[in-house]
Amino acid sequence: MSNSGIQYRTVCTGKALETVEAHSQDAEITMFGANFCPFVQRVWAVLEYKGIPYRYVECDPYKKPKELLELNPKGLVPALKLTEGRSLAESTYLEEAYSPPNVAPGAYPSLLPPLSDPYARARARLEGDRVNRAIVPAFYRYLQAQDPEKQVEHGREFLDGLDEFTRQMHPDGPFFSGSELGSHPAFAATCSTEDLYLDSYARYAENRPNTSQVANAINAGRGLP
């Protein structure tokens with residue numbers, strides 16, 4: 001498909017496509033996503049990790065379907081369509097908080113350390129906020145920079161953010177709070193093949209006009225949408 005002559009993918013590939021096909025039937029939760037979007041992937045991986053039944057709907061990022069706009073007027077993904085006309089749309093909160101209603105407490109695994117360790121839970125939330133506020137914007141600034149000096153500047157900013165994040169991690173890893181969640185196959189199940197991401201992120205690396213709302217926000221010096 002294309003938008004103003006720009007080629008882009010509208011279908012997942014590899015393991016991600018297999019997962020989409022396995023979640024094509026109606027379910028209590030419908031997730032609207034886009035194949036190259038990392039914000040979609042982190043919510044998608046949580047649904048897989050928790051084993052929550054859902055239906056996946058692929059959205060063309062440049063031709064947003066009416067059903068998505070009814071859930072989120074900005075047309076951003078991920079967005080969850082729930083029962084009784086309810087919806088949720090914001091990956092930071094979706095990945096941490098949401099589980100289907102009418103299930104017993106503890107029926108689905110938590111992404112945070114146990115309630116008995118409030119300090120560890122607070123640290124996990126703080127570092128998640130660091131990722132959203134510092135590391136992700138630094139990555140896009142680095143990716144979109146066209147001036148060589150800016151590329152070096154933003155590359156260092158991105159690496160500094162990653163270094164600080166890893167210093168705060170559990171010493172044995174492999175994930176932030178230790179061994180939990182980590183190498184779960186949910187992550188592989190939501191990954192397309194490398195060529196899809198290379199095609200998708202070439203738009204950012206060339207800083208093409210109207211690449212995305214994220215790219216526009218970075219160029220304008222605004223916070224991410």
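For the numbers below, each heavy atom of this structure counts, side chains included, while hydrogens, waters and symmetry mates do not. Counting begins at 1 with the first residue of the sequence.
- The minimum heavy-atom distance linking Q144 with Q146 is given by the pair O-NE2, 2.8 Å.
- Judged by distance alone, the side chains of R55 and Q25 never bring a donor and an acceptor atom under 3.5 Å apart.
- Note that the CG atom of L80 and the OG1 atom of T30 stand 9.0 Å from one another [nearest 0.5 Å].
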Practice item. Check step by step if salt bridge (Lys or Arg N to Asp or Glu O under 4.0 Å) holds for D163 and R156. Key: CA-CA 10 Å; D163 285 344; R156 287 173 176 163; over 6 Å; no
**Study point:** Residues E58, V11; criterion side-chain contact (heavy atoms from CB on, under 4.5 Å); working and verdict
**Key:** CA-CA 7 Å; E58 180 72 29; V11 180; 5.7 Å; no
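- No single ILVMFWY cluster, assembled from side-chain heavy atoms under 4.5 Å apart, contains both L17 and F32.
- Rounding to the nearest 0.5 Å gives a distance of 9.5 Å between CG of L126 and CD of Q168.
- Note that CD of E153 and CG of D147 are 9.5 Å apart. Values are rounded to the nearest 0.5 Å.
- Remark: L68 CG to K74 NZ distance equals 13.0 Å, nearest 0.5 Å.
- Closest approach of L71 to S87, counting heavy atoms only: CD2-CB, 3.5 Å.
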Practice item. Could you walk me through whether D195 and R9 pass side-chain contact (heavy atoms from CB on, under 4.5 Å), step by step? Key: CA-CA 10 Å; D195 59 299; R9 306 289 189 98; 2.8 Å; yes
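- Partners of R133 according to the salt bridge (charged side-chain N to carboxylate O under 4.0 Å, His left out) rule, which considers only residues two or more places apart in sequence or in another chain, are D129.
- Heavy-atom neighbours of Y142 OH from other residues, nucleotides or ligands within 6.0 Å: at or below the threshold of 12.
- Transitive grouping of hydrophobic side chains (ILVMFWY, heavy atoms separated by less than 4.5 Å) brings V57 and V43 into a common cluster.
- Without hydrogens or angle criteria, S192 side chain to C12 main chain gives no donor-acceptor distance under 3.5 Å.
- Atom-to-atom distance recorded for L143:CG and Q151:CD is 10.0 Å, nearest 0.5 angstrom.
- Enclosure of atom CD in E149 is not indicated, since only 12 or fewer non-hydrogen atoms of other residues, nucleotides or ligands lie within 6.0 angstrom.
- L115 places a side-chain heavy atom less than 4.5 Å from the side chain of R121.
- Checked options Y56, Y49, Y54; the residue passing with W44 is Y54 (criterion: side chain to side chain donor-acceptor pair (under 3.5 Å)).
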Check your understanding: Where do K66 and E70 land on the side-chain contact (heavy atoms from CB on, under 4.5 Å) test, with the steps shown first?
Key -> CA-CA 6 Å; K66 179 181 178 182; E70 289 173 347; 3.2 Å; yes
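- Pairing each heavy atom of N72 with each of A89, the nearest pair is ND2-CB, 3.7 Å.
- Considering all non-hydrogen atoms of both residues, P137 and V131 come closest at CD-O, 4.1 Å.
- Taking a 6.0 Å sphere around NZ of K15, one finds it holds 12 or fewer heavy atoms contributed by other residues, nucleotides or ligands.
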Exercise for review: Step by step, work out the side-chain contact (heavy atoms from CB on, under 4.5 Å) result for M31 and L47.
Suggested key: CA-CA 10 Å; M31 185 179 82; L47 291 174; 3.8 Å; yes
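- From E48, atom CD reaches atom CD of Q41 across 11.0 Å, with rounding to the nearest 0.5 Å.
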